[in-house]
Amino acid sequence: EFMVVCKSSLSDGDLKVLAIELNEALAEPYKVGTQSLSIGVSIGIAVAPRDARTMDDLVKCGDIALYEAKRGGRSGHRMYNAKMTADSEREKQLEAGLRKTLQEDGLELVFQPIINLESRTLAGFEALARWEDAELGVIPPAQFVSIAETGGFMPLLGHQILQKACRAAANWPSSPKHPNPHVSVNIAATEIMEPGFTRSVTDILAETGLEATRLELEITNSLVLDQSPEDRADLSQPAETASPVTHQDRPDLHRGYDA
């Protein structure tokens with residue numbers, strides 16, 4: 001990271017133009033050996049004394065704006081505003097609350113029926129995560145999944161969801177009309193790319209007693225399209241399980257953690 005200090009006579013419009021010019025200048029290709037590399041930069045802009053009156057506070061406001069720029073995508077810029085601080089504090093509270101919930105195994109699952117339209121019979125259920133905090137209220141799945149991803153604990157969240165789903169499915173009754181209903185669990189990119197993912201699935205199946213053929217792992221096209229042909233072949237069938245893997249043709253839908 002680096003900082004650029006500008007004279008106070010620059011307007012907000014001037015600062016935005018400067019941010020664009022910096023991005024364009026830094027995007028010029030760099031020669032590294034025989035390769036030509038390009039980089040992108042995210043820029044957060046804070047103005048004194050409007051946003052802060054001390055250097056430390058000004059840098060803090062710039063960092064908050066920088067984080068917002070990074071969330072917006074590659075090579076963007078954002079002007080700081082007071083709402084960003086409130087949002088940042090809220091996100092910190094949510095991250096701390098989610099960590100505590102996962103430590104206490106407090107995440108809840110609901111199950112959405114999956115119907116076979118040809119036979120008009122129940123085929124199984126899709127597991128959907130729900131989080132309600134006593135202080136923070138009901139947190140939408142799209143929000144807490146995003147927090148888990150940015151906080152680096154998506155694998156832990158996904159593991160608990162998979163474990164709870166398999167445990168519940170293992171106790172579902174079977175009948176001639178609805179024999180051995182399967183459970184569908186959505187998998188995020190950060191989970192499936194973990195080196196021990198396949199082993200983790202195998203261990204959960206062994207622990208819960210759920211037959212592998214009754215577990216369906218559902219991944220999104222966005223993950224499949226990002227992989228090499230070899231990686232896509234690996235994703236087609238987890239090596240140590242017989243669990244079917246499906247690829248979503250629908251939009252991401254927050255990786256299926258919401259309905």
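Reckoned from all heavy atoms, side chains included, excluding hydrogens, waters and symmetry mates.
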*Would you give the length of the straight line joining atom CD1 of Ile219 to atom CD1 of Ile192, rounded to the nearest 0.5 angstrom?*
5.0 Å

*So how far is it from His159 NE2 to Leu102 CG, rounded to the nearest 0.5 Å?*
12.0 Å

*Indicate if Trp131 and Leu156 have the same hydrophobic cluster label, given that clusters are the connected sets of ILVMFWY residues with side-chain heavy-atom separations under 4.5 angstrom.*
yes

_Distance-minimising heavy-atom pair for Ala165 and Leu109_ = N-CD1, 3.5 Å

*Identify the heavy atoms of Ala46 and Gly62 that sit nearest to each other, and give their distance.*
CB-N, 3.7 Å

*State whether Glu91 and Arg71 are salt-bridged, where the test is any N-O pair (Lys NZ or Arg NE/NH1/NH2 against Asp/Glu carboxylate O) under 4.0 Å.*
yes

*Evaluate the criterion side-chain contact (heavy atoms from CB on, under 4.5 Å) for residue pair Glu126 and Phe111; output intermediate values, then yes/no.*
CA-CA 5 Å; Glu126 181 179 13; Phe111 294 92; over 6 Å; no

*Check the side chains of Ser42 and Tyr67 for a donor-acceptor pair under 3.5 angstrom, ignoring hydrogens and angles.*
no

_Under a plain distance cut-off of 3.5 Å, with no hydrogens placed, do Gln93 and Glu135 share a side-chain donor-acceptor pair?_
no

*asked:* Looking at Asp12 and Arg50, is there a salt bridge between them, counting it only when a charged N and a carboxylate O are closer than 4.0 Å?
replied: yes

*Using a 4.5 Å cut-off on heavy atoms from C-beta on, say whether the side chain of Asn116 contacts that of Arg120.*
no

*Worked check of side-chain contact (heavy atoms from CB on, under 4.5 Å) between Leu162 and Leu215*: CA-CA 10 Å; Leu162 182 60; Leu215 172 63; 4.0 Å; yes

*asked:* Is there a side-chain contact between Pro141 and Leu128 in this structure, where contact means two heavy atoms from C-beta onward sitting under 4.5 Å apart?
replied: no

*Do Tyr80 and Ile64 have side chains that get closer than 4.5 Å, going by heavy atoms?*
yes

*Give the minimum heavy-atom separation between Ala170 and Gly209, together with the two atoms involved.*
CB-C, 4.5 Å

*Establish whether Leu22 and Met3 are linked, either directly or via other cluster members, by ILVMFWY side-chain heavy-atom contacts under 4.5 Å.*
no

*Indicate whether any N or O donor in one side chain lies under 3.5 Å from an N or O acceptor in the other, for Asp203 and Ser200.*
no

*So how far is it from Lys16 NZ to Ile43 CD1, rounded to the nearest 0.5 Å?*
13.0 Å

*Least distance between heavy atoms, Ala65 atom then Ile45 atom*: CB-N, 3.8 Å

_For the student: nearest non-hydrogen atoms of Ile39 and Tyr30, plus distance_ = CG1-CE1, 4.0 Å

*Salt-bridged, Lys164 to Glu108, with N to O below 4.0 Å?*
no

_Between Thr150 and Ser146 (side chain of the first, backbone of the second, donor and acceptor by atom type, cut-off under 3.5 Å), is there such a pair?_
yes

*Salt-bridged, Asp57 to Arg53, with N to O below 4.0 Å?*
no

*Using modelled atom types only, decide if a donor and an acceptor are shared between the side chain of Asp105 and the backbone of Thr101 within a distance under 3.5 Å.*
no

_Are Leu10 and Met79 linked, directly or through intermediate hydrophobic residues, by side-chain heavy-atom contacts shorter than 4.5 Å (ILVMFWY only)?_
yes

*Hey, quick one: are Leu66 and Val59 part of the same hydrophobic cluster, counting side-chain heavy atoms closer than 4.5 Å, chains of contacts allowed?*
no

*Please confirm whether the backbone N or O of Met84 pairs with a side-chain atom of Ser88, one donor and one acceptor, at under 3.5 Å?*
no

*Are Phe197 and Leu217 close enough that some pair of their side-chain heavy atoms sits under 4.5 Å apart?*
yes

*asked:* Rounded at 0.5 Å granularity, tell me how far CZ in Arg130 sits from CG in Leu107.
replied: 10.0 Å

*Consider only side-chain heavy atoms of I, L, V, M, F, W and Y, link residues closer than 4.5 Å, and tell whether Ile161 and Val183 are in one cluster.*
yes

*Decide yes or no on side-chain contact (heavy atoms from CB on, under 4.5 Å) for Gln143 and Leu94, but give the supporting numbers first.*
CA-CA 9 Å; Gln143 191 171 8; Leu94 290 171; 3.1 Å; yes

*Where do His77 and Ile20 land on the side-chain contact (heavy atoms from CB on, under 4.5 Å) test, with the steps shown first?*
CA-CA 8 Å; His77 64 271; Ile20 293 171; 3.8 Å; yes

*Determine yes or no for a side-chain-to-main-chain donor-acceptor pair under 3.5 angstrom, with Glu191 supplying the side chain and Ala188 the backbone.*
yes

*asked:* Distance check, rounded to the nearest 0.5 Å: Asn180 atom CG versus Trp172 atom CH2?
replied: 11.5 Å

*State, yes or no, whether a side-chain contact exists between Phe153 and Arg99 at a heavy-atom distance under 4.5 Å.*
yes

*Taking the side chain as every heavy atom from C-beta outward, state whether Ile187 and Glu218 have any atom pair closer than 4.5 Å.*
no

*Ion pair present between Glu95 and Lys92, side-chain N to carboxylate O less than 4.0 angstrom?*
no

_If I take atom CG from residue Asp133 and atom CG from residue Leu98, how far apart are they, to the nearest 0.5 angstrom?_
9.5 Å

_Keeping Thr85 on the side-chain end and Asn81 on the backbone end, is there a donor-acceptor pair under 3.5 Å?_
no

*Test item: Val47 and Leu15 side chains (from C-beta on) under 4.5 Å apart, heavy atoms*: yes

*For Asn23 and Ser75, which heavy atoms make the closest approach, and how far apart are they?*
ND2-O, 3.3 Å

